[in-house]
Each structure stands twice: as C-alpha cells, then as structure tokens.
Amino acid sequence: QVQLVESGGGLVQPGGSLRLSCAASGSIFSINTMGWYLRAPGKQHELVARTTSGTSTYYADSVKGRFTISRDHAKNTVYLQMNGLKPEDTGVYYCNADIAQTSNRFLFGDYWGQGTQVTVSS
C-alpha cells in the first residue's frame, strides 16, 4: 500500500510564510508527478503547483512568484514553500502523486494525502 502524509499547515498572518511537506511511503517503485491542490472554502479543488520526476514545474497564476515547489527524490517527499501569504490562500492543501507500486511497476495510480489546513488571517 501507499500513503501520503502532509504536514506544515497552520495559522499565519498576511505576508507570512509556511512550508508544507508531503512524504510518500509504502510499496513504492516509482513516482512521476507530485503536486499540491487547494480546496478553498466554498470552492472546488484547484491545482496550485506540480513537479514532474524531472525538473519541470507548474504554478497557478495566483501563486507565481510567491510559492515554490521542490522535491527530494531520495525521501519521496515534496515541499511547498509559501511566501507572501494572502487571505485568499486559505483552505485545505492536499498532496497528490502519481505512483507505481512494486506489485505493478507499469501501472501508475493517483494518490492523495489527508490534507492540511492553512489559514491566513490577521
């Protein structure tokens, strides 16, 4: 089985910073993309940032220049450094990853973490 565990959320004032972490564990053979989604209050999931198994990255326009996604391949971990936080960044952040398990190395499955709450408020 595969598990994604997020950490690093919390309450921060506008303009502040947080760093989210997501560690994948279990019977992992290979990880393709890893990313972060935001479910803001009253809204649907929105892709915030994503990184591939190489160096390619994607950012939503709303976070460009403020958020940075990075990845530690050896630790199967993805990070989201969030700077210049705004109240509209508030919500639950979910980690997502495309993972092939050792039981079937050619089949990538879509996995989600449990979510971590980020609240930006004064």
Worksheet entry | Note, Tyr94 side chain near Glu6 side chain (heavy atom, < 4.5 Å) | yes
Practice prompt. Examine distances only and state if a side-chain atom of Gln3 and a backbone atom of Ala24 form a donor-acceptor pair shorter than 3.5 Å.
Written response: no
Practice prompt. Taking all non-hydrogen atoms of both residues into account, name the closest pair between Leu4 and Ile99 and its distance.
Written response: CD2-CD1, 4.1 Å
Item to complete: For residues Val12 and Gly16, report the shortest heavy-atom separation together with the two atoms involved.
Response: CG2-CA, 3.7 Å
Discussion item. I'd like to know if the side chain of Thr77 pairs up with that of Asp72 as donor and acceptor (distance under 3.5 Å, no hydrogens or angles considered).
Written reply: no
Fill in: Heavy-atom closest contact (Asn32 atom, Arg71 atom, distance)
O-NH1, 2.6 Å
Worksheet item: Hey, is the main chain of Arg19 close enough, under 3.5 Å, to the side chain of Gln81 for a donor-acceptor pair?
Response: no
Worksheet item: Are Asp89 and Lys86 ion-paired here, with the side-chain N under 4.0 Å from a carboxylate O?
Response: no
Worksheet item: So Tyr37 and Trp112, ring-ring contact (aromatic ring centres under 6.0 Å, His included) or not? Walk me through it.
Response: CA-CA 10 Å; Tyr37 286 74; Trp112 292 87; 5.0 Å; yes
Discussion item. Side-chain heavy atoms nearer than 4.5 Å, only ILVMFWY residues, links allowed to pass through others: does that put Leu47 and Val92 together?
Written reply: yes
Item to complete: Could you grab the distance from atom OG1 of Thr68 to atom CG of Asn83, nearest 0.5 Å is fine?
Response: 6.5 Å
Discussion item. Evaluate Met82 against Tyr93 for side-chain contact (heavy atoms from CB on, under 4.5 Å), listing each step before the verdict.
Written reply: CA-CA 12 Å; Met82 305 187 293; Tyr93 284 75; 4.0 Å; yes
Discussion item. I need the minimum non-hydrogen distance between Phe108 and Ala100, along with the two atoms involved.
Written reply: CD2-N, 3.6 Å
Fill in: Exam field: side chain Tyr59 to backbone Ile69, donor-acceptor pair closer than 3.5 Å
yes
Fill in: Met34 side, atom CE; Leu80 side, atom CG - distance, nearest 0.5 Å
12.0 Å
Practice prompt. Quick one: pull up CG in Asp98 and CG in Asn96 and give me the separation to the nearest 0.5 Å.
Written response: 6.0 Å
Fill in: Under 3.5 Å side-chain donor-acceptor pair for Tyr111 and Gln101
yes
Fill in: Approximate separation, where rounding is to 0.5 Å, of Thr51 OG1 and Tyr79 OH
13.0 Å
Worksheet item: Ile31 and Thr33: which non-hydrogen atoms are nearest, and at how many Å?
Response: CG2-O, 4.1 Å
Worksheet entry | Any donor-acceptor N/O pair, Ser27 side chain to Gln1 backbone, under 3.5 Å | yes
Fill in: Donor-acceptor contact present, side-chain Arg66 to main-chain Gly84, <3.5 Å
yes
Fill in: Verdict with supporting geometry, Thr102 and Ile28, side-chain contact (heavy atoms from CB on, under 4.5 Å)
CA-CA 6 Å; Thr102 55; Ile28 297 170; over 6 Å; no
Discussion item. Under 3.5 Å, is there a donor on one side chain and an acceptor on the other for Thr119 and Gln117?
Written reply: yes
Worksheet entry | Short side-chain to backbone donor-acceptor contact, Glu46 and Leu38, under 3.5 Å | no
Worksheet item: Can you find a pair of side-chain heavy atoms, one from Asn76 and one from Ser25, that are under 4.5 Å apart?
Response: no
Discussion item. Using 0.5 Å steps for rounding, measure from the CG atom of Leu107 to the CZ atom of Phe29.
Written reply: 12.5 Å
Worksheet item: To the nearest 0.5 Å, how far apart are CG in Leu85 and OG in Ser121?
Response: 12.0 Å
Worksheet item: Are Thr116 and Leu20 close enough that some pair of their side-chain heavy atoms sits under 4.5 Å apart?
Response: yes
